[in-house]
2 protein chains.
Amino acid sequence: MITIGKASELSGVVIETIRYYEREGIVSQPDRSASGRRIYTKVEVDNLRFIRRCRDMGLPVSQAKSLLTLTEQQDISCKSAQDIASHHLKEIKSKISELQRVESALKKLIAQCQSESKKCPILDELLSD
Amino acid sequence: MITIGKASELSGVVIETIRYYEREGIVSQPDRSASGRRIYTKVEVDNLRFIRRCRDMGLPVSQAKSLLTLTEQQDISCKSAQDIASHHLKEIKSKISELQRVESALKKLIAQCQSESKKCPILDELLSD
DNA sequence: ATACAAGCTGTAGTGACTACAGGTTCAAGG
DNA sequence: CCTTGAACCTGTAGTCACTACAGCTTGTAT
């Protein structure tokens with residue numbers, strides 16, 4: 001019998017987050033015991049793990065849900081999943097480039113700042129018109 | 001006379017965001033005209049630009065504010081600014097590494113997905129135990 | 001029986017915005 | 001002067017993805 005605590009452990013998703021995902025319809029509601037406790041199936045735990053993996057990769061929850069829906073279709077095509085993954089890969093690459101620009105700018109700023117100067121080049125540059 | 005719209009234009013910070021920064025105490029409140037409209041000085045516009053630049057670099061608002069406070073000190077030391085910048089540089093580097101890991105994982109997933117297969121390797125891997 | 005852990009729902013908060021609603025003031029044009 | 005539309009105001013609520021209670025019930029171990 002898989003209670004929510006166990007599902008959390010097995011899937012890696014925080015209990016509160018599991019409830020949130022159910023509330024938002026990201027995953028389906030599990031059956032309940034007579035006392036109202038959630039009882040998860042193995043598939044439901046797998047689904048939670050799926051969402052977590054998508055989130056770990058930086059996919060928005062809405063897209064993670066879309067991908068999960070694809071897994072539930074009998075006659076699934078790889079194409080949709082590939083499209084989503086490829087598009088997201090582009091976004092990751094773009095984000096890496098942006099962060100590399102920030103990295104360069106910070107390195108430059110820090111290099112300018114070599115002494116206990118009264119006039120700080122970092123602050124001056126951020127303030128400049 | 002610099003109204004909020006002009007301040008927004010000159011600083012690159014959205015009007016609503018300017019109001020938010022003032023509300024949160026990130027920047028000081030400007031003087032007002034007799035009718036209650038905000039009147040910004042050049043320094044106040046510079047400060048807004050400063051915050052925007054920090055935000056663009058990924059610094060949390062609280063840290064941007066700390067840096068701004070440093071600029072307002074008469075006898076400022078470069079050390080604090082350098083500490084903040086160096087620490088943030090580490091975080092940026094860490095974030096880049098993480099994204100590069102995600103990038104590799106996505107590339108691998110996509111490479112597995114080479115046909116209109118009924119069984120999608122991407123989805124399977126995300127679902128695997 | 002008792003005590004504590006695990007579970008429940010509902011609500012509110014986080015960080016950094018963002019978007020109204022409903023109102024006032026200003027500036028330009030007729 | 002009047003009208004109109006833009007710009008401004010405050011207060012509130014919403015976004016995204018959680019996260020943390022409060023106050024209550026149930027289950028388990030001793």
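We name chains A, B, ... by the order of the sequence lines, and we start the count at 1 in each one.
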(message) I need the NZ-P distance between B:Lys6 and D:dC8, as an integer number of Å.
(response) 11 Å
(message) Using a strict threshold of under 4.0 Å (side-chain N to carboxylate O), is an ion pair present between B:Arg19 and B:Glu22?
(response) no
(request) Please examine the side chains of A:Leu126 and B:Cys54, heavy atoms only from C-beta on, and report whether any two atoms are closer than 4.5 Å. (result) yes
(message) Could you tell me how far apart A:Glu22 (CD) and D:dT19 (P) are, to the nearest whole angstrom?
(response) 16 Å
(request) State whether A:Arg55 places a side-chain N or O below 4.0 Å from either non-bridging phosphate oxygen (OP1 or OP2) of D:dC18. (result) yes
(request) Would you mind reading off the distance between B:Arg23 atom CZ and D:dA13 atom C1', rounded to a whole angstrom? (result) 11 Å
(message) Let me spell it out: for each of A:Arg19 and B:Ser62, pick the nucleotide of DNA chain C with the closest heavy atom. Which residue's pick is nearer the 5' end?
(response) A:Arg19
(message) Testing A:Leu67, A:Ile92, A:Ile51 one by one against A:Leu59 for a side chain to side chain contact (heavy atoms under 4.5 Å, CB included), which residue passes?
(response) A:Leu67
(request) Could you check B:Glu16 against A:Pro60 and say which one's nearest nucleotide on DNA chain D is further toward the 5' end? (result) B:Glu16
(message) Can you list, in residue-number order, the parts of residues 29-42 of chain B that come under 4.0 Å of DNA chain D, counting heavy atoms only?
(response) B:Arg32, B:Gly36, B:Arg37, B:Arg38
(request) Keeping the roles fixed (side chain from B:Ser94, backbone from B:Lys90), state whether a donor-acceptor pair exists under 3.5 Å. (result) no
(message) For the backbone of A:Val13 and the side chain of A:Thr17, can you confirm whether one donor and one acceptor N or O come within less than 3.5 Å of each other?
(response) no
(request) Check every strand shown and say whether A:Thr3 touches a base, only sugar-phosphate, or nothing at a heavy-atom separation below 4.0 Å. (result) sugar-phosphate
(message) Using side-chain heavy atoms (C-beta onward) and a distance below 4.5 Å, is B:Arg53 in contact with A:Ser128?
(response) yes
(request) List the steps and the verdict of side chain to side chain contact (heavy atoms under 4.5 Å, CB included) for A:Ile39 and A:Met1. (result) CA-CA 7 Å; A:Ile39 307 293; A:Met1 181 173 80; 3.5 Å; yes
(message) A side-chain contact here means heavy atoms from C-beta on lying under 4.5 Å apart; do B:Asp129 and A:Lys42 qualify?
(response) yes
(message) Can you measure B:Ile2 atom CD1 to D:dC8 atom P for me and round it to whole angstrom units?
(response) 12 Å
(request) Determine, for B:Lys95 against B:Glu91, whether the closest basic-nitrogen to carboxylate-oxygen distance falls under 4.0 angstrom. (result) no
(message) Treating A:Arg101 as the side-chain partner and A:Ala105 as the backbone partner, does any N or O pair qualify as donor plus acceptor under 3.5 Å?
(response) no
(message) Please determine whether a side-chain nitrogen or oxygen atom of A:Thr17 lies at a distance below 4.0 Å from atom OP1 or OP2 of D:dT19.
(response) yes
(message) Could you check whether any side-chain N or O of B:His88 sits under 3.5 Å from a backbone N or O of B:Asp83, counting only pairs where one atom can act as donor and the other as acceptor?
(response) no
(request) Using five pairs at either end of the helix from C:dA1-D:dT30 to C:dG30-D:dC1, determine the angle between the two local helix axes and round it to 10 degrees. (result) 10°
(request) Provide, to the nearest angstrom, the distance between the CD1 atom belonging to A:Ile15 and the C1' atom belonging to D:dA17. (result) 18 Å
(request) Give me the first and last nucleotide of DNA chain C, going 5' to 3', that has any atom under 4.0 Å from a heavy atom of chain B. (result) C:dA16 to C:dC26
